[in-house]
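The block underneath contains the structure these notes are about, expressed in structure tokens.
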Amino acid sequence: MRLVMPRLYVILDAGMLTEPAGEIARKLLDAGVRLLQYRDKQASAGELLSSARTIAAAARAAKGALFVNDRPDVAYLAGADGVHVGQEDLSAEQAREVLGPDRWVGVSTHNLQQFQQAAASSADYIAVGPIFPTSSKANPDPVVGVDFVRRMRALTPKPIVAIGGISLDCAAELIEAGADSVAVISGILKAPDPAEQAREYLGRLQAVKSADRRQS
Ligand code: TZP
Ligand code: MG
């Protein structure tokens, strides 16, 4: 099933939430966000599953989608739409073995070699970053910059997600550079009103003309 990525992908990082994950998920979905990821590096598998189930149900009710970070097994059990794996998690193919063909697998990449490997895999989307400096990730890889997105765009028809330090003012530039979607944590969760801030991102992103998809 081909994944059509909404332009805004909000990552609910549990460490940055000031209200229960299900509540903020519902507010963001009400604001028009259609793609969420749940990321909790501290939770036990059981806790992750419980939160992911709640958010997956909210996303389903709003015709949105939820990806679970790191854990294909938890994504499967939670009834989530997919999993997002990094370079140190199970590979895209291993995640696919768990989730089967009807759910989605996203992969994080931080350099050309990782991107090429993801492009050759069964991953449904490829995330690239950090685009800009970020303090939301422990030990982030070196910043890749906007131009990296432009270069990667020419290499695959798969959806590309730009991630890392993406503020309201630079989100549109990433879509122009060829990203299908921008993934945002602090730019939304640290705003005084995350739902209102998400509306601002959606407005700016909707207005952008996307880059040519040379291979699609
Ligand atoms: N992977 C690369 S950068 C990043 C992750 C999970 C963190 C993005 O968070 P923010 O707050 O949008 O910079
Ligand atoms: Mg991971």
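Between D180 and R153 a salt bridge is recorded (basic side-chain N to carboxylate O distance below 4.0 Å).
Sorted by first then second residue, the salt bridge (Lys or Arg N to Asp or Glu O under 4.0 Å) pairs that include residues 104-126, not counting sequence neighbours, are R96-D124.
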Do D193 and K27 pass the salt bridge (charged side-chain N to carboxylate O under 4.0 Å, His left out) test, and can you show the C-alpha distance, the side-chain angles, and the key distance before you say yes or no? CA-CA 10 Å; D193 181 344; K27 287 181 188 170; over 6 Å; no

Between K41 and D70, is the salt bridge (charged side-chain N to carboxylate O under 4.0 Å, His left out) condition met? List the steps. CA-CA 9 Å; K41 298 286 186 184; D70 296 338; 2.9 Å; yes

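Residues passing the salt bridge (charged side-chain N to carboxylate O under 4.0 Å, His left out) test with D169 are R204, sequence neighbours excluded.
Aromatic ring centres of Y125 and Y9 lie closer together than 6.0 Å.
Although no hydrogens or angles enter the test, the distance criterion places a donor-acceptor pair under 3.5 Å between the side chain of R7 and the main chain of V208. In this structure, the side chain of T156 engages the main chain of K158 through a donor-acceptor pair within 3.5 Å. The closest donor-acceptor contact from the side chain of S181 to the backbone of V161 lies at 3.5 Å or more, if one exists at all. Judged by distance alone, with hydrogens and angles left aside, the side-chain atoms of H110 form a donor-acceptor pair with the main-chain N or O of G129 at under 3.5 Å. At distances below 3.5 Å, not a single donor-acceptor pair connects side-chain atoms of E200 with backbone N or O atoms of L168. Between the Q42 side chain and the G15 main chain, no donor and acceptor come within less than 3.5 Å of each other. One N or O on the side chain of R34 and one on the backbone of L29 form a donor-acceptor pair closer than 3.5 Å. With Q117 contributing its side chain and Q113 its backbone, the two residues share no donor-acceptor pair below 3.5 Å. In this structure, the side chain of E176 does not engage the main chain of K209 through any donor-acceptor pair within 3.5 Å. Looking at E23, its side chain never comes within 3.5 Å of a backbone N or O of P20 through a donor-acceptor pair.
Here the shortest heavy-atom pairing between V83 and A95 reads CG1-CB, 3.9 Å. Nearest heavy-atom pair, A198 versus L28, reported as atom, atom and distance to 0.1 Å: CB-CD2, 3.8 Å.
T109 and Q87 share no side-chain donor-acceptor pair at under 3.5 Å.
One hydrophobic cluster holds both V146 and I175 under the rule that ILVMFWY side chains link at heavy-atom gaps under 4.5 Å.
Other residues, nucleotides and ligands contribute only 12 or fewer heavy atoms inside 6.0 Å of the CD atom of Q206.
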Can you list, pair by pair, the side-chain donor-acceptor contacts under 3.5 Å of residues 51-68, counting residues two or more places apart and other chains?
unit_1 : atom_1 : unit_2 : atom_2 : d
S51    : OG     : E47    : O      : 3.3
R53    : NH2    : L77    : O      : 3.4
T54    : OG1    : S50    : O      : 3.2
R60    : NH2    : G79    : O      : 3.3

